Undergrad: 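My structure is below; once you've seen it, I'll send some questions.
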Amino acid sequence: MTEYTKLEEIRLEKIETLREKGIETYPTRAKRTHTSAEAIEAFEMAEESASQGEEVLATLTGRLRSARNLGKISFAHIEDGAGRVQLFFRVNDIGKEKLDFFAKFFDLGDFIQAEGTMFRTRTGEVTLRVSDFKLLAKAVTPLPAAKDETLEDGTVVHHAALEDVQLRARQRYADLAVNLKTRETFKKRAAITRSLRDFLDERDFLEVETPILQPIYGGAAAQPFTTHHNQLKQELYLRISFELYLKRLLVGNLERVYEIGRDFRNEGVSYKHNPEFTQLEFYWAYADYLQVMELTEQMVAYAAEKATGSTKVTYQGQEIDFTPPWNRLEMRQGLLDECGVDINECRDASSLHAALNEKNIEHPADIQRGKLIDWMVDEFLEAKMIQPTFLYNYPREISPLAKSIPGDPQTVERFEGFVAGMELCNAFTELNDPIDQEQRFLEMGRDYDEDDEEQHPMDEDYLRAMRYGMPPNGGFGMGVDRLVMLLTDKHSIREVLLFPHLRAEE
RNA sequence: GGGCGCGUAGCUCAAUCCGGCAGAGCAGUGGCCUUUUAAGCCAUUGGUUGUGAGUUCGAGUCUCACCGCGCUCACCA
């Protein structure tokens, strides 16, 4: 049984009293003629027009956010999807009984429908002079923040607003109801994903949906979630990437495909990692990673423009300029500049370990060359890439699905995009040679056997698809949540997820 | 998983350093108030101080364990 607080019990008693009076506390239907913004605009238009003084009749609906009962009159603010508007109740207009009904039985957080005529108060605020009103839905639990102050310049200051990060995430409904900024964040998020779709649709990319439940996971080096199909008695994995399915579509002559959807990785949770996250991947036949690079900077700049109105944004106090072209940094050159080690001169793990030792650089021992280079990027380069930067040309060992640079079999045509010291996206010229791909799977299986629990499973069906012939192509993946973080100036991924993963309560 | 920090009324926070009656504002309740807007004024309700144990005459405060959250490191294509 639900245990109620005293504040809730008082409201439940009000509900009981209203029902005894025959007043419906959750009526089925509502009516409105204007949103708050439309009503205010209509009144201002009427004020300015030649037919000045013409009455603007309106029926408004919304949530009660403040109430000031002054005896024989009351003022209140309601909030709807378009903003706020003030209501004015006067005993002369509605009589004592109705005024008392409002003052006694309406609480902050309740939904109300009110009709009347728009006017301007002595202090100049456009307000609805209420002639009749009714309860639309009673709130039992008080909203966590009750009062806001609107300053002269129009900014709204929240007093005693809901700020507790945990509570805001667990009870996102309350956070959204009370914090305008939270609603704005998620509207921006929608604008960002819409802009990404628009950008790709305009360029003839086809949006597709591929399986989330997969018999074999792949396309990334990550631990999967496992699940089970009861009737088929089949072990299944939640996908860790879309890559292998999307590339099957290139075999099927779909030349440009993309998917925006959820990936699941059974790994650590942090300010930039959630167990499920939104990924954008696209594959582009007859393109290579350099073309993908250009498309990427245009696409992200487009999203920034659509979401924030500019390609320059402020992130955690520093200005980030997404305007193309972005910085380009070759991995070998970047590492050579930062730590004096030339990875091209160190073609195996032991020579690279030796070179690092020679420079007195402490580094993890006993790991293979590719992983060591990855470590060097983390150590020397990642945090320095604040402005959007493409780091390109990666070691083959950590890129089993990317194609080598002609004439340099140990290096692949791959880049990652970094912004604010955070990895945003990952792309490469895709490997389309089925013989080479099979070899890579075998190599990965061996490598991971040796020093990792992350097996890279062989996907026989994917190889069968590739054997039918796959056009040369460039592929791309981006963490959409991270892009949203950058464009909404949020330090934590939890702030851009409506319902981030949290431990179970109690 | 490691380190550091936080958890007090529905919400925001005091009291913790140096143990001594657990407080304020808002919200709520009762009253006054016909242009307010964080309305105001008078009165008033509301607490297992995250949970459990310990030290002590006495614990919100000190100690330990646990739970949750945050930051950070590790992990993470």
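It should be emphasised that the depicted structure is a prediction, and the values quoted were computed from it without experimental measurement. Per chain, numbering begins at 1; letters A, B, ... match sequence-line order.
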Undergrad: Given the C1' atoms of B:U12 and B:G52, what is the spacing between them in whole Å?
TA: 29 Å
Undergrad: So which protein nitrogen or oxygen atoms get under 3.5 Å of nucleotides 42-47 of chain B's nitrogens or oxygens?
TA:
none

Undergrad: Are a donor atom and an acceptor atom from the side chains of A:Arg347 and A:Gln410 found within less than 3.5 Å of each other?
TA: yes
Undergrad: Test: ring-ring contact (aromatic ring centres under 6.0 Å, His included). Region: residues 261-280 of chain A. Which pairs qualify, not counting sequence neighbours?
TA: A:Tyr271-A:His491
Undergrad: Thinking salt bridges, do A:Lys403 and A:Asp436 make one under a 4.0 Å N-O criterion?
TA: no
Undergrad: Record whether the side chain of A:Arg68 comes under 3.5 Å of the base of B:U36 through a donor-acceptor pair of N or O atoms.
TA: yes
Undergrad: For a quick check, with a 4.0 angstrom heavy-atom cut-off, what is the B/S/- contact string for nucleotides 1-9 of chain B, read 5' to 3'?
TA: ---------
Undergrad: Sequence neighbours left out, what passes side chain to side chain donor-acceptor pair (under 3.5 Å) with A:His363? Give chain and number order.
TA: A:His353
Undergrad: If you compare every side-chain N and O of A:His501 against the phosphate oxygens of B:C69 (OP1, OP2), does one of them come in below 4.0 Å?
TA: no
Undergrad: Using atom P of each nucleotide, how far apart are B:G46 and B:G25 to the nearest Å?
TA: 16 Å
Undergrad: Any donor-acceptor pair under 3.5 Å joining the side chain of A:Glu125 to the base of B:U35?
TA: no
Undergrad: Do A:Arg265 and A:Asn274 have side-chain N/O donor and acceptor atoms under 3.5 Å apart?
TA: no
Undergrad: Could you write out RNA chain B as a dot-bracket string, with dots for unpaired bases, | for bases paired across to another strand, and Watson-Crick or G-U pairs counted at under 3.5 Å?
TA: (((((((..((((......[..)))).(((((.......))))).....(((((..]....))))))))))))....
Undergrad: Give me, pair by pair, the N or O atoms of the protein and of nucleotides 29-31 of chain B that are less than 3.5 Å apart, along with how far apart they are.
TA:
unit_1, atom_1, unit_2, atom_2, d
B:U29, OP1, A:Lys14, NZ, 2.7

Undergrad: Do any side-chain nitrogens or oxygens of A:Lys272 fall under 4.0 Å of OP1 or OP2 in B:C75?
TA: no
